[in-house]
Structure formats: structure tokens, C-alpha cells
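Note sheet for the following structure.
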Amino acid sequence: MTDYAAPLADMRFALKELAGLDEIAQLPGYEEATPDLVEAILEEANKLASQVIAPLNHSGDREKASCENGAVRTPKGFPEAYRQFVEGGWNALPFEPDYGGQGLPWTLGAALSEMWNSANMSFALCPLLTQGAVELLQAHGSEEQKEAYLPRLISGEWTGTMNLTEPQAGTDVGAVKTRAKKEGDHYLITGQKIYITYGEHDFTENIVHMVLARTPDAPAGTKGISLFIVPKFLPNERGEAGTRNDLRCVSIEHKLGIHGSPTCVMAYGDSGGAIGYLIGEENRGMEYMFTMMNNARLTVGLQGVAIAERAYQQALSYARERVQSAEVGQRGQPVTIIHHPDVRRMLATMKCQTEAARALAYVAAAELDRAHHEPDESKREQHQVDGIDLLTPVVKAWSTDLGVEIASIGVQVHGGMGFIEETGAAQHLRDARITPIYEGTNGVQALDLVGRKILRYKGETALRFCQRVEEEMRALDASNRVKTVASAVGAACESLKQATGWLVEAAERDMKLAAAASSPYLRLFGTVAGGWQMARAAQRAEELLAEGEGDAGFLESKIKSALFYADNVLPQSIGLMTAATRGAETTLIFDDADF
């Protein structure tokens with residue numbers, strides 16, 4: 001496995017030129033995010049990611065997390081790396097200062113999250129879940145709960161988890177059977193949860209579980225689910241980890257990938273009931289949990305970007321070293337395979353789509369910052385509905401699908417050696433495969449996009465998105481190269497508008513049609529949104545070249561990536577539009593007996 005180094009040049013470009021980090025730093029509460037501080041943070045994060053966390057990726061994959069008598073041990077070096085992570089203050093970066101956070105933008109946090117996950121996704125899953133727990137408590141916890149848990153969760157002294165899934169209740173969370181019985185100021189929790197990432201580990205002394213459970217008189221389905229804080233150790237009067245709670249890790253799963261991360265089966269209440277504290281009101285647990293899930297969905301999208309970047313770096317390094325065959329049309333000595341056109345096609349496919357997904361993810365994170373910090377309430381609402389709400393399912397699903405595809409291309413670049421574990425290319429593909437599944441499968445993300453974000457507004461959100469993109473494309477004042485990209489984006493946008501119109505009409509006839517169309521529709525949306533960012537990137541690169549600013553080689557490469565995306569990726573929009581319209585009708589002609 002090759003070494004990892006954060007793609008700082010492209011990260012800086014995406015943050016500054018596309019996501020508008022300098023503008024975000026002017027919003028109330030973000031004044032500390034000066035250019036000098038941002039640069040220092042990126043440089044130091046790269047050192048930690050590349051020198052401390054990344055070297056544990058391959059070894060952690062081979063060693064795996066282990067469980068013996070309920071005690072979970074992570075691979076060698078993981079606990080020490082986590083201590084360095086916490087001591088550096090990295091866990092606290094995007095959170096409010098009231099409870100020990102640094103109050104820096106989520107947009108900057110997105111770049112750091114990409115680094116941690118590129119370096120070692122198994123390791124990075126632990127702070128990812130803690131981040132979600134913090135967001136949940138900030139939004140819905142009582143003042144007493146915030147005082148008890150937020151300082152230690154934000155610092156990373158304690159970690160957090162999300163407990164939804166049960167053996168009979170995966171995506172259908174309404175089938176949860178875990179019970180919660182009120183007893184005085186707390187509840188007794190009994191039941192079993194599966195797939196609990198870092199449900200038990202050796203990083204910290206305490207783990208704070210966010211557990212969905214059902215009270216005795218609760219209505220059926222998701223309307224009868226409540227949410228509880230269930231700590232491994234109950235905080236004492238000094239706020240420290242005190243008495244052990246009635247919960248344990250029964251086992252850990254044996255998985256296709258992310259071997260260094262313990263995915264736990266958790267048992268609650270074997271000895272009478274684990275003490276849990278209600279968050280908010282009874283029967284509103286799913287509403288509250290979505291705060292944590294939406295946070296995690298955006299970060300999982302960044303995992304797709306991260307794995308794609310790592311696979312690309314691996315493939316590029318191999319292509320520059322592997323000597324095989326003479327150049328096409330030549331009779332000379334064998335050359336490195338990067339000289340062969342089909343290898344270049346594969347590398348260019350990996351490169352341009354990774355850059356597009358990164359840009360879109362950072363722009364989505366910027367929408368989150370604006371939705372929270374814009375002084376004008378109407379603007380905050382606009383950034384919420386047309387920005388972060390609309391883009392979150394797209395970033396999650398489109399980026400993670402790309403992560404799997406790009407990791408697979410990376411194996412192909414290696415040829416036969418890609419199928420051999422020692423190169424490390426296969427690990428990226430194995431690790432990437434979970435990302436389209438957890439935090440809501442990509443099919444669920446597609447239904448969320450179509451149902452809650454498009455049809456709920458009769459298609460207006462998507463049409464406003466298309467109008468924004470088309471206006472920006474028409475406004476580009478650039479060379480023929482950039483106009484070529486803009487023209488391709490405009491054509492793809494037309495496909496998205498047609499698919500949106502069909503979707504609204506079809507849903508009125510039969511919601512099953514809309515559901516059948518949802519996955520290709522999301523892919524179409526992501527493809528267009530990625531092209532939008534690539535066109536903006538090409539335009540800005542040309543402007544900087546004309547001004548004599550920046551690295552000319554990097555900027556020229558940026559324009560070439562946009563051209564490749566326009567010619568090789570955006571034409572897929574026509575097929576995706578067909579799949580999201582006629583293809584949806586065809587999907588429903590099958591009966592059970594046809595399969």
C-alpha cells in the first residue's frame with residue numbers, strides 16, 4: 001500500500017474558490033477562521049493523517065479488531081493514534097465554544113474529515129459517530145444533559161455511538177423492539193442492537209450510546225420510538241465515569257472490510273435494565289435521531305470522496321512504477337503503464353470524478369454553515385431547503401457509489417496485482433463497499449431526495465437548482481475550453497429538468513413509479529451537480545492563470561479534468577434521464593414470478 005498525502009492543492013482550491021470559505025469566515029461566529037489559521041490547520045492535519053493515522057491502515061486491516069469476554073481491542077497503534085488525535089484538539093474543531101469546541105466552520109471540518117477517512121477509514125469512524133452524538137445533544141438535549149456529556153464528547157475524552165438497528169429491524173426502524181420502562185428520573189433499557197460502530201473499544205474510558213427504544217404504551221411504528229442516552233459508565237457527581245451500566249458487547253461482526261473498526265452486537269439490560277435518560281419527549285426519537293443521521297450522511301459522503309482519493313493515489317503511484325509493454329505505435333523499450341491510453345483513461349476517470357465529488361461535498365458543507373450562521377433568516381431558510389437539505393442525499397449516495405466504482409477502477413489499473421492483498425488496492429474496494437449501505441442505504445437516500453426534497457415541493461427545489469446552474473453557465477466569460485464544459489453542463493441540466501417534470505407527473509399517477517425512478521434520478525442529479533462544480537472550477541482556474549496567480553500546472557490540470565468530465569461523464573445524463581423515466585415504467589412490468 002502506498003503512502004497517503006492529503007491533496008492539499010485541490011482541497012485549498014475547493015475550499016476557497018468553490019465553497020467560498022473566505023466568505024463563510026465573515027459570518028457571525030466564524031471570525032477566527034482566518035486564512036493563516038486555515039492554512040496552519042490543513043498543514044498540521046495532513047501531518048497527523050499521513051504520518052500517524054495512515055500507516056495503521058493496512059496493518060489494522062490485517063490484524064483486525066477483536067473481542068474477548070466483552071472486551072474489545074482495536075489493532076495495534078489505534079489507541080495511541082486516537083490519543084494524539086484528541087490531544088491535538090481535532091475532535092473539537094467544528095463545535096460551539098460553549099462546551100469546549102473551537103467554533104470553526106463545518107466547511108473546513110469537511111476537508112479534515114476527508115483526510116482522516118482517506119488515511120484510515122476504520123479509525124475515522126469513531127470520531128464520525130461522536131460528532132453525530134454531539135450534534136444530536138446540542139439540538140435536542142436538556143441543559144443538564146449538555147452539561148453532563150457535551151464537554152467530554154467534544155474534547156474526545158468520551159466517544160458516542162448511534163444504536164438503531166436490530167436483527168429484525170434494519171432500514172425499517174419502526175420494527176424496533178428494544179424496551180424502555182420508566183423508573184423515577186430514568187428508564188430501564190432492555191434489548192439487543194446490532195451493527196453498532198465502536199459500540200465497545202479501548203480508546204476511552206466511557207462510551208455514550210444514543211439508543212432508540214419503545215416505551216410500554218407507545219404507538220406502533222416509527223411514531224412510537226423514543227431516544228435515550230445510555231452511557232457505558234454513569235457519570236458521578238464530579239461528571240466522571242462512575243458506576244458501570246448494565247450493557248455489554250456480545251460479539252463483533254466479521255466483515256468484508258473496515259476490519260480495524262469494531263462493529264458490535266450490543267446487549268442492554270441482561271441484569272435487569274440499563275439506565276437510560278430520555279432525550280426530549282417520548283415518541284419523538286426518530287425525529288431527534290435524524291439530526292445525528294443527517295450529520296453522519298454528509299460525512300459518509302465524504303468517506304466516498306476519501307476512499308476514491310486514496311484509491312486514485314494508489315493507482316497513480318503503481319502506474320508510474322509498473323513497466324510493461326512498449327508505447328502504442330512504438331517499437332522501443334517497455335514503458336511505465338501510465339503511458340498507455342487506456343490506463344490514462346482510467347486514471348482520468350478516477351481523478352475528475354473524485355475532484356467533482358470533493359467539490360460538491362465541500363459546497364454542501366458550506367451550505368450547512370450558511371444555514372446556521374447567515375444573519376438573515378430568509379437566507380438561512382433558503383440555504384437549508386435549497387442547499388443542505390437538497391444536497392445531503394446526493395452527496396451521500398452519489399459520492400459513495402463513486403467511491404466504490406473508483407476503488408474498483410483502481411484494482412483494474414493494477415491488473416492482476418490489484419487482486420493480490422499485498423498491494424493494498426483490494427482493501428480500498430473492500431472498505432468502500434459499506435459506504436453505500438450504512439447511514440441509510442443509497443436506495444433510501446434516493447427515496448429521500450425524490451420524496452422529501454423534490455416531490456414535497458412539486459419539483460420546485462430541483463428546478464431552482466437547475467435555474468441557478470444554467471444562469472451560472474451562461475454567465476461564464478471564458479475561453480472555448482471552459483465554454484465547452486459549460487455547454488455540456490447546460491445540456492445535462494436539461495435532462496435533469498425533463499426527468500424532474502416526468503417525476504412530478506408520474507408520482508400523481510403512481511408513487512411506485514417515482515420510487516422506481518429514484519435511484520437513476522439521484523445519479524443524474526449528482527452527475528449534473530458534479531459537472532456544475534467542474535465548470536466553476538475550470539472558469540476560476542482560467543481566471544487565476546490570466547492573473548498569473550497560483551500553480552500554473554495545477555490550474556491547467558484542473559481545466560483538463562473539467563474537459564474530461566464534460567466529454568466522458570456528462571453524456572451519461574441522457575441515459576440516466578431515460579432510466580429515470582421510461583426505465584421506471586419498465587421496472588414495474590416485472591412480477592414476482594419473473595425473478
Could you check whether His140 and Thr291, counting side-chain N and O atoms only, form a donor-acceptor pair closer than 3.5 Å?
yes
Between Arg536, Lys558, Lys560, which is the residue that forms a salt bridge (charged side-chain N to carboxylate O under 4.0 Å, His left out) with Glu355?
Lys558
Are the charged groups of Asp386 and Arg468 less than 4.0 angstrom apart, N to O?
no
Any idea which heavy atoms bring Ile53 and Ala119 closest together, and the distance?
CG2-CB, 4.0 Å
Give a yes-or-no answer on whether the side chains of Asn442 and Thr400 include a donor-acceptor pair shorter than 3.5 Å.
yes
Is a side-chain donor or acceptor of Gln427 paired with a backbone partner of Gly257 at a separation under 3.5 angstrom?
no
Between Phe465 and Trp532, what is the ring plane arrangement, given parallel below 30°, perpendicular above 60°, and tilted in between?
perpendicular
Can you confirm whether the side chains of Gln131 and Asn91 place a donor and an acceptor under 3.5 Å from each other?
no
Can Asp431 and Gln303 be said to form a side chain to side chain donor-acceptor pair (under 3.5 Å), step by step?
CA-CA 10 Å; Asp431 287 351; Gln303 286 186 326; over 6 Å; no
Could you check whether Trp502 and Tyr521 have their ring centres less than 6.0 Å apart?
no
Taking atom NZ as the centre, does Lys16 end up with more than 12 heavy-atom neighbours from other residues, nucleotides or ligands that are less than 6.0 angstrom away?
no
Between Glu367 and Lys379, does any NZ, NE, NH1 or NH2 come within less than 4.0 Å of an OD or OE carboxylate oxygen?
no
Hydrogens and angles aside, do Lys193 and Thr165 bring a side-chain donor and acceptor to less than 3.5 Å of each other?
no
Between Asp369 and Trp106, is there a donor-acceptor pair closer than 3.5 Å when you use the side chain of the first and the backbone of the second?
yes
Looking at Glu470 and Lys497, does any basic side-chain N land under 4.0 Å from a carboxylate oxygen?
yes
Would you please test Gln192 and Thr178 for side chain to side chain donor-acceptor pair (under 3.5 Å) and show each step?
CA-CA 7 Å; Gln192 187 182 86; Thr178 297; over 6 Å; no
Do any N or O atoms from the side chain of Glu439 and from the backbone of Thr299 form a donor-acceptor pair under 3.5 angstrom?
no
Does Lys453 pair with Asp389 as a salt bridge, N-O distance under 4.0 Å?
no
Test: Arg380 and Glu374 ion pair at under 4.0 Å:
no
Can Asp401 and Ser399 be counted as having a side-chain donor-acceptor contact under 3.5 angstrom?
no
Can Thr461 and Ile454 be said to form a side-chain contact (heavy atoms from CB on, under 4.5 Å), step by step?
CA-CA 6 Å; Thr461 48; Ile454 305 296; 3.8 Å; yes
Can you confirm whether or not the ring centre of Phe595 sits under 6.0 Å from the ring centre of Phe590?
yes
Hey, are Lys351 and Glu309 close enough for a salt bridge, meaning a charged N less than 4.0 Å from a carboxylate O?
no
Where do Ile434 and Met121 land on the side-chain contact (heavy atoms from CB on, under 4.5 Å) test, with the steps shown first?
CA-CA 11 Å; Ile434 187 59; Met121 197 171 97; 3.8 Å; yes
In this structure, are over 12 heavy atoms from other groups packed under 6.0 Å from Glu585 atom CD?
yes
Counting only heavy atoms not in Glu505, do more than 12 fall under 6.0 Å of its CD?
yes
Between His254 and Lys64, does a side-chain contact (heavy atoms from CB on, under 4.5 Å) hold up when you go through it step by step?
CA-CA 9 Å; His254 302 281; Lys64 303 180 176 65; 5.9 Å; no
Identified side-chain contact (heavy atoms from CB on, under 4.5 Å) counterpart of Tyr362 within the set Leu302, Leu108, Leu18, Val395:
Leu302
So how far is it from Met11 CE to Arg358 CZ, rounded to the nearest 0.5 Å?
5.5 Å
